[in-house]
Amino acid sequence: MTCHTDTATTLSAKSNMAAAARERKRQREGDEVPSTAAMWAGEAQYVYMSIADALKAAGARVCLFAAVSEIGAAFRSRGTDFTLTLRIVDQSRTTGISVTFFANNTALLPCVKSSGDVISLHNVVITMHCGELFVTFDKKSSSFALFEGKASTEFRPYQTSMKYHGSKHDDEILTNMRMWLVYHPPGLKDLELQLRSVKPDSNFDLVCKVLHVCQAPSGEWIFYVWDGTDIPATEFQTFLSMETFTSAPLHLEETPLPREVLCTLPCIGTVLRIFSNKFSKEILHLQRNIYWARFCSITCKQEFGIWKGTLLPSSRVRLLSNEDGSVVERLK
């Protein structure tokens with residue numbers, strides 16, 4: 001009898017020790033300690049903060065539920081990780097905040113289908129660098145889930161990180177976020193133009209397919225972009241002398257594109273050249289494959305009867321998926 005009692009006591013002690021170890025591991029990984037009711041329900045409870053409130057808690061771990069407004073490109077960090085930056089917005093801060101993710105490989109990074117999709121972030125850190133606040137995703141303790149945006153009624157995420165666990169209040173928060181997005185879609189749609197509506201010397205956003213990227217001998221980067229529409233016809237200036245006329249170029253590049261590249265360009269719609277004197281990490285992706293992208297705050301002008309796009313110091317390039325709402329509109 002004593003032997004059975006000792007055995008039961010030992011098993012009970014081992015079980016308690018294992019439970020305590022699991023709880024310590026849970027806390028080390030950054031999960032919140034669940035309430036008693038949640039423990040019975042088998043799920044953790046997360047308190048989501050607005051972005052505005054989270055910015056007041058520099059250094060703290062917080063949980064956020066927000067919409068993705070800008071999607072960056074994944075690239076290798078200075079160490080062994082891969083990194084990706086998203087910009088997220090909510091009702092409290094429509095200008096948003098950047099979230100930087102780190103992972104051992106790109107498959108573990110968020111793969112956002114479209115700007116306007118919703119992301120849930122658990123145990124991310126509010127970080128300050130050079131006087132600017134942003135959000136850091138710790139690959140060891142943070143977790144995320146991605147949901148379709150305003151047009152969806154699906155409550156299941158289309159991508160989650162391994163440590164992500166939702167809570168029973170997530171559906172209500174997701175519904176409220178989608179309702180807000182209906183009237184406050186991310187991005188400035190009033191600045192978004194198609195090539196057919198471009199005017200000289202105006203600043204605008206352009207959603208287009210990047211067909212080719214190359215670097216000129218001068219060091220400038222040239223993007224060859226297309227959205228299926230025709231840019232307005234230009235007025236070729238009348239030259240006063242034969243010397244000026246003979247110097248007018250037939251193309252804006254220092255050297256024309258190779259024939260094998262020219263043969264891949266579409267026959268319908270204008271292919272616009274956009275010039276940039278600065279390198280961006282998105283160029284690495286655009287050189288390897290054909291992507292849709294959003295060129296934010298660019299300008300256009302006419303040179304020798306040819307339209308020329310230019311990236312300004314404030315311009316940005318954002319990669320888009322084929323499922324992005326702006327891309328779908330142009331593919332109709």
Closest non-hydrogen atom pair between [X] and [Y], with its separation:
X: Asn104; Y: Phe82; value: O-CD1, 3.5 Å
X: Glu220; Y: Phe275; value: OE1-CD2, 3.6 Å
X: Arg318; Y: Ile71; value: CD-O, 3.4 Å
X: Ser92; Y: Ser50; value: OG-CB, 3.5 Å
X: Cys214; Y: Leu257; value: SG-CD2, 4.4 Å
X: Val47; Y: Cys63; value: O-CB, 3.6 Å

* Go through His184 and Val89 one step at a time and tell me if the side chain to side chain contact (heavy atoms under 4.5 Å, CB included) criterion holds. => CA-CA 10 Å; His184 303 86; Val89 299; over 6 Å; no
Heavy-atom check, side chain of [X] versus side chain of [Y], under 4.5 Å:
X: Val99; Y: Leu64; value: no
X: Arg316; Y: Glu282; value: no
X: Leu311; Y: Ile274; value: yes
X: Pro110; Y: Leu84; value: yes
X: Val62; Y: Leu121; value: no
X: Pro157; Y: Phe144; value: no
X: Pro266; Y: Val271; value: yes
X: Ile283; Y: Ser276; value: no

Name the orientation class of the two ring planes belonging to [X] and [Y] (parallel below 30°, tilted from 30 to 60°, perpendicular beyond 60°).
X: Trp226; Y: Trp292; value: tilted
X: Phe279; Y: Trp221; value: tilted
X: Phe295; Y: Phe223; value: perpendicular

* Donor on one side chain, acceptor on other, Tyr48 and Asp170, under 3.5 Å ->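 There is such a pair (donor and acceptor under 3.5 Å, judged by atom type) between the side chains of Tyr48 and Asp170.
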* Asked: So, Asp117 versus Ser114: side-chain donor-acceptor pair below 3.5 Å or not?
  ->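 Judged by distance alone, the side chains do not pair up.
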* Asked: Under 4.0 Å between a Lys/Arg side-chain N and an Asp/Glu carboxylate O for Arg294 and Glu192?
  ->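 Yes, this pair counts.
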Same cluster for [X] and [Y] if Ile/Leu/Val/Met/Phe/Trp/Tyr side chains link at under 4.5 Å?
X: Val213; Y: Leu206; value: yes
X: Leu86; Y: Ile126; value: yes
X: Phe75; Y: Val317; value: no

* Take atom CD1 of Ile268 as the centre, draw a 6.0 Å sphere, and report whether it contains more than 12 heavy atoms from other residues, nucleotides or ligands. =>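 It does not: Ile268 CD1 has 12 such atoms or fewer within range.
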* Asked: So with a 6.0 Å cut-off around NZ of Lys301, is the heavy-atom count from everything else above 12?
  ->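 Open.
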Test item: [X] side-chain N/O and [Y] main-chain N/O as donor-acceptor pair under 3.5 Å:
X: Arg178; Y: Gly149; value: yes
X: Ser326; Y: Val207; value: no
X: Ser115; Y: Val68; value: no
X: Thr264; Y: Val261; value: yes
X: Asp227; Y: Gln194; value: no
X: Lys209; Y: Val327; value: no
X: Gln159; Y: Cys111; value: yes
X: Arg87; Y: Gly96; value: yes

* Asked: Are Leu265 and Leu262 close enough, and set up right, to give a side chain to side chain contact (heavy atoms under 4.5 Å, CB included), and what steps lead you there?
  -> CA-CA 5 Å; Leu265 302 181; Leu262 288 172; 4.1 Å; yes
Between atom [atom1] of [X] and atom [atom2] of [Y], what is the distance when rounded to the nearest 0.5 Å?
X: Phe137; Y: Thr100; atom1: CZ; atom2: OG1; result: 12.0 Å
X: Ser143; Y: Asp138; atom1: OG; atom2: CG; result: 11.0 Å
X: Ile97; Y: Leu55; atom1: CD1; atom2: CG; result: 4.0 Å
X: Asn203; Y: Thr310; atom1: CG; atom2: OG1; result: 10.5 Å
X: Ile173; Y: Thr175; atom1: CD1; atom2: OG1; result: 10.0 Å
X: Leu284; Y: Arg76; atom1: CG; atom2: CZ; result: 12.5 Å

* Asked: Taking only residues two or more places apart in sequence or in another chain, which ones pass ring-ring contact (aromatic ring centres under 6.0 Å, His included) with Tyr158?
  ->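 With sequence neighbours excluded, Tyr158 shows a ring-ring contact (aromatic ring centres under 6.0 Å, His included) to no residue whatsoever.
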Tabulate below the donor-acceptor pairs under 3.5 Å that side-chain atoms of residues 128-136 make, not counting sequence neighbours, or state none.
| unit_1 | atom_1 | unit_2 | atom_2 | d |
| --- | --- | --- | --- | --- |
| Thr136 | OG1 | Thr127 | OG1 | 2.9 |

* side chain to side chain contact (heavy atoms under 4.5 Å, CB included) between Leu319 and Leu286, worked out -> CA-CA 9 Å; Leu319 303 183; Leu286 295 169; 3.7 Å; yes
* Asked: Which is it for Phe147 and Glu154 under the side chain to side chain contact (heavy atoms under 4.5 Å, CB included) test, yes or no, and what are the steps along the way?
  -> CA-CA 8 Å; Phe147 304 84; Glu154 177 60 65; over 6 Å; no
